[in-house]
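In what follows, a structure is listed as structure tokens, so that the remarks can point back to it.
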Amino acid sequence: MNKETLAGAAGRRRANSGDPLGANSEIGRKLKQYYDELVSDNVPDRFAQLLRQLEQAEPAQKKD
């Protein structure tokens with residue numbers, strides 16, 4: 001067997017392992033974990049207040 005044959009066989013084993021991300025699975029898991037933590041964080045009161053003000057101002061702008 002040559003190197004290309006061995007590399008192809010290893011690639012097929014990884015592809016059939018049931019892990020669609022392959023070598024990137026750990027990166028994908030870390031990104032998902034980071035996103036989940038970010039989404040679950042509370043919005044600071046001042047930021048929530050500014051968002052409410054923006055929502056109230058938008059209907060007034062649409063009427064103009």
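Values below: all heavy atoms of this structure, side chains included; hydrogens, waters and symmetry mates excluded.
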(Q) Could you list the cluster mates of Ile27? Members are the ILVMFWY residues connected by side-chain heavy atoms closer than 4.5 Å, either directly or through other members. (A)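 Taking Ile, Leu, Val, Met, Phe, Trp and Tyr as members, Ile27 shares its hydrophobic cluster with Leu31.
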Sequence neighbours excluded, which residues qualify as side chain to side chain contact (heavy atoms under 4.5 Å, CB included) partners of [X]?
| X | result |
| --- | --- |
| Val39 | Tyr35 |
| Glu55 | none |
| Gln53 | Gln49, Leu50 |

**Q.** Working for side-chain contact (heavy atoms from CB on, under 4.5 Å), residues Arg29 and Gln33
**A.** CA-CA 6 Å; Arg29 278 192 289 275; Gln33 178 184 7; over 6 Å; no
Q: Could you tell me whether Asp41 atom CG has more than 12 heavy atoms of other residues or ligands within 6.0 Å of it?
A: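 Enclosed.
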Q: State which residues pass side chain to side chain donor-acceptor pair (under 3.5 Å) with Lys32; sequence neighbours excluded, sorted by chain then number.
A: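 Checked Lys32 against side chain to side chain donor-acceptor pair (under 3.5 Å); matches are Asp36.
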